[in-house]
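Chain A is the first sequence line, chain B the second, and so forth, proteins listed ahead of strands; every chain is numbered from 1. What's counted below: heavy atoms across the whole structure, side chains too, no hydrogens, waters or symmetry copies. Just so we're clear, the structure is a prediction, and the values are computed from it rather than from any experiment.
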Amino acid sequence: MNTNQKEHDIINQYVVSPARMEFDKFIVPAVTIFIGLLLSFFMLFPLWTILTMSFFKGGEFSLLNFTLENYHKYFTTSYTLNALWHSLYVSAVTTVIVTVIIFFFAYAMTRTTISGKPFFRNIIMMPLIAPSIVQALALIYLFGRNGLITAHLLQIDWNIYGSTGIIVSEVLYCLPHAFVILYTTLSAVDIRLDEAAESLGATPFKVFTRITLPSAKYGIFSAAALTFNLTITDFGNPVVIGADYHVLATEIYAQVTNLYRFDLGATISIILLVPSLMAFMFNYYISRKTFSMISGAAKPVIPPSRPLKKILYKTYCILVSFSIILVFATVVVGSFVKTWPYDWSLTFQHYHFPSIGGYSAIWTSLWVSLIVGIVGAFLTLVAGYVMETRRPYFKQLLYLLSVMPAAIPGLVMGLGYILAFNKPYYIFYGTPWIIVINVVICNFTLGILSSISNLRNIDPSIEEASISLGGDALRTFFKIIFPLSKVAFFQNFTYFFMRSMTTISAVIFLVSATVHLAAIEIIMLDNDGWTASANAMCTVIIVIVMAMLGILQLVQKKTSKRPSVLQ
Amino acid sequence: MSKKLVLEKVRKTFGPLIAVDDVSLDIIPGEFICFLGPSGCGKTTILRMITGFEQPTSGNIIYDGNIINDIIPQKRDFGIVFQSYALFPNMTVEKNIAFGLNMRKVPQKLINERVAEILKLLDLSGWETHYPSQLSGGQQQRVALGRALAIKPKVLLLDEPLSALDAKIRVRLRVVIKKLQQDLGITLIYVTHDQEEALSLADRIVIMRNGKFQQIDSPFDIYKKPKTSFVAEFVGTSNFISGKKNNGAVKFGNLQFMSSNLNEVENEKVYLAIRPENIELVGTTISYEDCVKSNVVESVVEVVNFIGAVVRITFMLQGEEMVFDLPEKEFERSGLKRGQKIRLYFPPDTFHVYSEFFDKLI
């Protein structure tokens, strides 16, 4: 008892450091303010600059300078006005095609018993690992003026340049994005509804039109809105395959880089922002409804599909997958043959990149992407932690700021950056760091949403347990929350890394004479007629992203060998 | 080592909802106190205010003479065991228990000694390098207890700590907790909705309903002398008879029940509560001659439930369902069956008399 008493006295002499507790009071407000300022300065400020540039003479914000001249000029010049109609047309057609294709594809994955589903699911996600230019490059090799299929196999004069090319390439690019949404929707909708209808004597067609379609309605709308947004804001595919078919995105680029009309570029940016913002808000509205449709009920096994249904769906899935594989195969093979499609002898010559950037662009892309991955994943996790578990003041405002980037086209954000930060005192301007910041901010939304959903899976008592034992915010985060969020952290890292390696529109305005990026080099090479080298650069990016995915899979497998981390 | 903890007119509101309504309580050092009540009665809110995760809207929480309303949880040195245990899944048993000591920068040598001591105390030796997910529910519960005890807390607070466990383990851990508390002489505050747990563990039980204290008493007094009809109904089982007073008796339909303590209540209309074990089966547990004749009623057996040591029999009285308990041996002797006519005796001195009745438990 005596020794026990003595020891008790000793342990109670140690208390939680008062300095730490004082510091603790400031850490949450400090992080909140930091994230708020970060998003304000690197998102709101550039947007504001674009807005003033388009509405005020010389971009000088004052009542006297207010003008609608830019807009007047835009809407009265048929050339620029056409870009709007082109954009809307291309996006609308793409949206319809993608939604229909993906609905049946997702239906096959969730409601039929065809074999090879994991394979199909992997293939449909492939477009995510390449810049949104790979589709256009492949289509030109296949259906261009010198296309393998058009000029050589069929020997016809038709080629794919223009609106058809844009639509086909955008369809192939948007498939994975729409698939994620519709797959989630269709797996969440209770399949027993279909069974109930069948047991009541409804024909398969009636079940499909009266039950399956309506129950997936919100998912369909949401996928459509996302596809529309992706297509109308995409730059890479239309710039390569559009030829003289101008869309808003390419028009912004042309105004700024060819004509140095920053005011018109800003004006078109605002015009592009309107439909993409509308699509985003529609999607946001819809996705809130979707959640209420998802039931937590256990899902019964899918009943075996009839043989004919199986054959039809399997053929369909093979066709869709084949198109995607064809795109990638064409680009990869095209980068290794001497002269597509005349001389098929293998060569590495296209990998001696003749542009200024060359291999340095790949290295820059790689290290920039690694930093973007780490910074992005860490920042969104910290922001999510502060918002979700520490409930600071202005939480709603911070949340709104965090989801806004998804509504802003990358090209618009990029233009905003040059307009806002092209001043000597912004020392990060013209360095790779502005690219790091830009890519992190542009992709902030998805990062923070997945961080928050992960944090919601952690029992709130765990955080309270740490606090009651004397843990402050910093140590609670690093010793408990961070280790428990490892999987989400890796997922976010992968996402940010992939986006950074493959994005074109966000950073095309930010590369400079000294800073080159691999994805932008593709456009430069293609522009200068080095199409095979553009394909080679594309292949390099694909290989890097795939290698990173492989490494992360290994790391995750290793860490998951330890006893399960989440309760 | 524990000091006096006082709740002084503590009130907590969440918007329009009054979760805790001006409650006061003195907790004696070393006392085992149970907050018992249906879900939503405010018992967990009180616990969270004592731990510092919520601040009272008004009133004070006083420890050792100091108001601690605004002291952050980290500085209170109170140990908490959560309903979900909230063990850190990424740490071993050892690391979980050492966590609080690490936060206090206790030297490693002392930590090792303390952890070993705790492991021994809770019979967890040999499990130190295991992760929580590799332990059984009962073991996880003991680790949670050990983690809270490691920092030598001034007060130990447990929030429905056994609710996730199997019945057998629950009973065994009850003994563990009670023994620990007695050995350490620590003030222990225990929140539960399980009356059996409260009755078997607590020195005093606080019965809560709608944010208010209904009764604060020893388990024996809570059961034997429920102060309100709510307590009578919530703890154990009671049959209620309502009616108007009439010459020292209560009119219940066309029956008259004599009750010896009617003058405890002023009201004209009263509610009599009687526990199932206090109702006697005439001819088996009591002979007709020994009965106050007005309190003998006739009824019919509706349902027979075999519970174990006793058999619970449901019967109808004036259109209301009631139950009485018969020791299993007596039941065997009487040979009661469904539909059989019975005569029951309600002894006048076993009634509790109330002026109000809570017909719903919430």
Side-chain angles (χ1 to χ4, degrees), chain A residues 1 3-25 27-28 389-391 457-487 489 559-567, chain B residues 1 48 50-54 71-92 95-107 109-111 113-114 117 121 129-135 140 144 147-148 150-154 156-157 159 183-184:
Chain A
M1 194 63 213
T3 54
N4 215 357
Q5 191 62 39
K6 217 173 94 198
E7 191 208 321
H8 151 228
D9 290 343
I10 293 170
I11 280 188
N12 274 25
Q13 275 168 14
Y14 294 94
V15 292
V16 179
S17 145
R20 263 186 192 280
M21 291 299 122
E22 284 308 308
F23 181 67
D24 208 36
K25 283 184 199 157
I27 187 86
V28 170
T389 59
R390 293 294 169 134
R391 309 189 181 281
N457 284 334
I458 300 177
D459 177 6
S461 300
I462 286 191
E463 163 113 9
E464 291 185 347
S466 167
I467 291 171
S468 74
L469 292 166
D472 49 299
L474 273 184
R475 287 189 293 184
T476 305
F477 181 79
F478 282 108
K479 286 192 182 255
I480 296 159
I481 303 297
F482 188 67
L484 292 187
S485 305
K486 240 188 229 152
V487 174
F489 182 83
T559 44
S560 67
K561 262 189 198 148
R562 286 233 329 258
S564 86
V565 168
L566 278 177
Q567 272 191 334
Chain B
M1 86 203 204
R48 289 177 65 80
I50 296 174
T51 57
F53 290 124
E54 305 281 357
I71 305 277
I72 52 172
Q74 284 100 325
K75 284 193 180 167
R76 294 194 187 198
D77 288 338
F78 290 177
I80 305 165
V81 175
F82 295 85
Q83 187 172 9
S84 58
Y85 318 141
L87 295 178
F88 306 131
N90 57 321
M91 296 182 195
T92 58
K95 289 268 162 60
N96 264 287
I97 293 173
F99 188 83
L101 303 173
N102 276 320
M103 290 295 121
R104 285 164 176 73
K105 294 251 186 298
V106 176
K109 191 174 155 283
L110 271 180
I111 293 182
E113 284 172 21
R114 180 67 181 152
E117 192 187 354
L121 191 67
T129 55
H130 287 72
Y131 286 89
S133 56
Q134 297 167 312
L135 305 181
Q140 291 184 21
R147 185 179 65 179
I151 58 166
K152 302 243 171 189
K154 293 167 179 163
L156 189 59
L157 302 115
D159 185 7
D183 289 352
L184 300 172

Quiz item: Quick one: are A:S17 and A:D472 in side-chain contact, heavy atoms under 4.5 Å?
Solution: no
Practice problem: Side-chain contact test, heavy atoms from C-beta onward, threshold under 4.5 Å: evaluate it for B:R147 versus B:M91 and give yes or no. | Solution: no
Quiz item: If you tally heavy-atom pairs under 4.5 Å against chain A, which of B:G52, B:P73, B:G79, B:P107 wins?
Solution: B:P107
Practice problem: Name the member of B:K105, B:R104, B:H130 that forms the most heavy-atom pairs with chain A at distances under 4.5 Å. | Solution: B:R104
Practice problem: Give the ring-plane orientation class for A:F482 versus A:F477, where under 30° counts as parallel, over 60° as perpendicular and anything between as tilted. | Solution: tilted
Self-check item: Heavy-atom proximity to chain A below 4.5 Å, by part of B:I111
Solution: neither
Quiz item: Are A:D24 and B:Q74 side-chain neighbours, meaning at least one heavy-atom pair lies under 4.5 Å?
Solution: yes
Quiz item: Would you say A:I481 and A:S466 make side-chain contact, with heavy atoms under 4.5 Å?
Solution: no
Quiz prompt | Interface moiety of A:K25 toward chain B, non-hydrogen atoms closer than 4.5 Å | solution = neither
Self-check item: Any side-chain heavy-atom pair of B:F53 and A:I467 under 4.5 Å
Solution: yes
Quiz item: Looking at A:E464, A:R475, A:R20, A:E463, which one has more heavy-atom pairs under 4.5 Å with chain B than the rest?
Solution: A:E464
Practice problem: Can you tell which part of B:D159 gets under 4.5 Å to a heavy atom of chain A, answering side chain, backbone, both or neither? | Solution: neither
Quiz item: So which part of B:F82 gets closer than 4.5 Å to some heavy atom of chain A, the side chain, the backbone, both or neither?
Solution: side chain
